[in-house]
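One structure is given below, encoded as structure tokens.
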Amino acid sequence: MLDKRPFTTKEKLEEIAKVYPTPFYLYDEAGIRKNCEDLYKAFSWNKGFREYFAVKATPNPFLMQILQEYGCGCDCSSMTELMLSHAIGAKGNDIMFSSNDTPPEEFAYAEKLGAIINLDDFTQIEILEKTLGYMPKKLCLRYNPGGVFKIANAIMDNPGEAKYGMTTEQLFDAFAILKEKGVEEFGLHAFFASNTVTNNYYPTLARTLFEAAVYLKKKFEVKISFINLSGGIGIPYRPDQQPNDIFKIAEGVKREYENILTPNGMGDVAIFTELGRYMLAPYGALVTRAINCKHTHKEYIGVDACAVNLMRPAMYGAYHHITVMGKEDAPTEKIYDITGSLCENNDKFAIDRWLPRIDMGDLIYIHDTGAHGFSMGYNYNGKLKSSEILLKPDGSFQLIRRAETPKDYFSTFDCFPIYDKIFE
Ligand SMILES: *Cc1c(COP(=O)(O)O)cnc(C)c1O
């Protein structure tokens with residue numbers, strides 16, 4: 001068992017909570033920086049290596065700018081993600097546009113920013129050309145070989161059921177057509193499995209993409225300048241999971257690279273990644289307070305956050321480790337359901353969880369919420385989104401997004417005079 005510890009102390013959280021009341025998201029700048037440094041170190045064998053941070057995971061400009069310092073680009077899949085990337089100064093090849101079911105105006109905006117467009121589907125060739133009035137000189141294509149994706153006979157995920165990417169046949173046709181249309185530089189992309197906790201995922205995916213790249217280069221005599229391994233490197237949400245080793249992962253990719261690409265005259269191909277979860281999930285926590293306890297058929301602890309602030313448990317039944325602050329070493333003597341206040345019975349951050357005895361007012365630290373946490377938030381029951389706070393390496397803290405207010409929530413009712421009635 002891994003001893004999962006918060007990246008901060010109860011005293012620090014109480015200090016922050018005096019200024020910014022719970023619930024709030026807290027991010028650990030020191031952890032983010034160290035992890036990003038390690039990623040670049042691990043892939044330093046590849047000259048063109050670049051991480052394009054998956055903006056959807058944590059669309060906060062302050063955090064994106066920290067990653068930018070290390071050379072990370074932005075992986076976008078919507079208009080507002082493109083806008084956010086533009087706002088932090090990303091441009092041209094700093095942006096990868098890996099969208100699907102794409103509205104034409106988003107292609108146009110991505111092209112205006114000079115982004116690398118990653119085509120999800122064969123039919124988008126025509127739409128893209130019609131939208132722009134020309135074909136970009138550089139394009140990435142998203143591959144989905146179908147079937148189930150296995151590593152050593154264990155089924156990892158099911159690409160055959162995934163809506164993304166082109167079939168092998170479509171991919172080949174796309175290369176032929178795009179070469180004809182004057183595309184000079186290609187990239188190849190695939191995303192086979194999400195949240196993988198194994199050092200073999202990237203190397204296995206890389207082998208498939210490298211072999212396809214060698215074949216396509218020979219068959220169509222095109223220049224393939226990068227391979228985009230996309231996201232999917234996971235983190236150990238559960239204390240009994242063994243964390244990935246990014247150095248082993250990068251070594252595994254290198255081995256495939258030297259076996260497949262280098263001997264085929266493709267030793268200059270750049271490796272790109274589009275990691276989201278791996279970059280930030282462990283370095284963010286949702287901090288909430290126990291405000292109600294209820295004893296009926298079960299023991300319930302009600303907190304001041306709810307699924308609006310963190311949807312993963314309600315949506316996927318996802319496990320998030322919980323620490324009762326100040327009781328890190330106390331014995332786990334009670335079984336609780338930790339719930340939010342939505343009128344939705346799946347609004348539970350934990351079900352039947354062994355925890356230390358919780359007192360009203362205790363701070364509850366929900367681990368590993370730095371990616372796909374805040375960003376999946378919604379507004380059901382008229383509940384509001386929390387603030388986001390950055391904990392700096394020197395122990396100081398900075399508000400990097402204020403909490404939503406009722407005024408924000410009602411702001412789209414231009415057509416009904418709510419403001420006049422409630423806010424004088
Ligand atoms: C969601 C997504 C990612 C990031 O996935 P993680 O699991 O967070 O690493 C990367 N690329 C694309 C195209 C995505 O949709």
Side-chain angles (χ1 to χ4, degrees), residues 27 32 35-36 38-39 42-43 50-60 63-64 67 72-82 84-85 90 94-102 106-107 110 115-121 124 139-144 149 156-159 161-166 187-199 201-202 205-206 209 226-237 241 243-244 246 249-250 253 271-284 310-312 315-316 318 320 368-376:
Y27 300 94
I32 294 170
N35 183 62
C36 200
D38 282 350
L39 173 73
F43 279 96
R50 191 165 197 193
E51 150 72 0
Y52 288 83
F53 173 63
V55 175
K56 73 165 190 264
T58 321
N60 186 302
L63 302 175
M64 289 161 67
L67 300 177
C72 293
C74 303
D75 166 40
C76 301
S77 55
S78 72
M79 188 67 108
T80 48
E81 288 174 7
L82 286 168
L84 196 52
S85 304
D94 299 337
I95 304 172
M96 182 74 60
F97 188 49
S98 292
S99 61
N100 70 94
D101 184 21
T102 313
E106 296 190 4
F107 277 139
I116 303 172
I117 290 173
N118 184 7
L119 278 191
D120 177 71
D121 185 41
Q124 290 182 332
L139 269 182
C140 185
L141 299 184
R142 185 165 184 169
Y143 180 36
N144 179 344
F149 178 65
M156 302 291 297
D157 217 319
N158 197 346
E161 288 292 324
K163 66 172 176 168
Y164 312 106
M166 309 181 198
L188 207 52
H189 169 281
F191 192 154
F192 288 171
S194 201
N195 191 30
T196 58
V197 190
T198 155
N199 294 329
Y201 169 63
Y202 255 18
L205 167 70
L209 285 175
F226 65 89
I227 302 282
N228 184 344
L229 299 175
S230 188
I233 297 186
I235 60 141
Y237 284 103
Q241 285 178 302
N244 286 316
I246 198 65
I249 290 173
V253 174
I271 300 296
F272 292 167
T273 57
E274 292 177 341
L275 299 167
R277 194 184 316 270
Y278 185 77
M279 300 308 288
L280 290 189
Y283 315 108
L310 175 66
M311 198 186 197
R312 296 186 74 256
M315 186 157 168
Y316 310 121
H320 279 274
D368 300 321
T369 52
H372 310 295
F374 182 98
S375 62
M376 282 177 83

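Counting starts at 1 for both ligands and their atoms, in listed order. The chain is numbered in sequence order, starting from 1. All values reported here derive from a predicted model rather than from experimental measurement.
Of all the atoms in ligand 1, the ones that sit under 4.0 Å from a non-hydrogen atom of Asp75 are 10 (C), 11 (N), 12 (C). Interface atoms of ligand 1 facing His372, defined by a heavy-atom separation under 4.0 Å, are 6 (P), 8 (O). Every atom of ligand 1 with a heavy atom of Gly276 under 4.0 Å away is listed here by number and element: 4 (C), 6 (P), 8 (O), 9 (O). If you number the atoms of ligand 1 from 1 as listed, the ones under 4.0 Å from a heavy atom of Gly231 come out as 5 (O), 9 (O), 10 (C). Ligand 1 places these atoms under 4.0 Å from at least one heavy atom of Arg277: 6 (P), 7 (O), 8 (O), 9 (O).
For Arg312 and Tyr237, the positive end sits near the middle of the six-membered ring, less than 6.0 Å away and at most 45° from its axis.
Checking only distances, Ala57 never comes within under 3.5 Å of ligand 1, N or O to N or O. Taking any N or O of His189, backbone or side chain, none lies under 3.5 Å from an N or O belonging to ligand 1. Close N/O approach between Gly232 and ligand 1 is found [any backbone or side-chain N/O within under 3.5 Å].
Here the side chains of Met311 and His372 are not in contact, with every heavy-atom distance at 4.5 Å or above.
Nearest heavy-atom pair across Thr102 and Gln124 is OG1-NE2, 3.4 Å. In plain terms, the two heavy atoms of Ala110 and Ile117 that are nearest each other are CB-CG1, 4.4 Å. When all heavy atoms of Tyr164 and Asp120 are compared, the pair lying nearest together is CA-OD1, 3.4 Å.
Here Ala193 pairs with Phe149, Met156, Asp157, Thr196, Tyr201 under the side-chain contact (heavy atoms from CB on, under 4.5 Å) rule; sequence neighbours left out. In this view, Arg142 satisfies the side chain to side chain donor-acceptor pair (under 3.5 Å) rule with no residue, not counting sequence neighbours.
Of the residues Val55, Asp94, Leu84, Leu82, the one that meets the side chain to side chain contact (heavy atoms under 4.5 Å, CB included) test with Cys74 is Val55.
The nearest protein atom to atom 1 (C) of ligand 1, hydrogens excluded, is given as Lys56 NZ, 1.3 Å; this is a heavy-atom distance. Nearest protein neighbour of atom 10 (C) of ligand 1, counting heavy atoms only, is Glu274 O, 3.0 Å. Phe191 CE1, 3.6 Å is the protein heavy atom nearest to atom 5 (O) of ligand 1.
The shortest separation from a heavy atom of Ser230 to ligand 1 is under 4.0 Å, placing the residue in contact.
Under 4.0 angstrom from ligand 1, the non-hydrogen atoms of Arg142 all belong to its side chain. Contact annotation: for Asn195 versus ligand 1, there are no heavy atoms closer than 4.0 Å. Neither the backbone nor the side chain of Tyr278 comes within 4.0 Å of ligand 1, counting heavy atoms alone.
The CD1 atom of Ile227 lies 8.5 Å from the SG atom of Cys140; values are rounded to the nearest 0.5 Å. Taking CG of Asp75 as the start and OG of Ser98 as the end, the distance is 4.5 Å to the nearest 0.5 Å.
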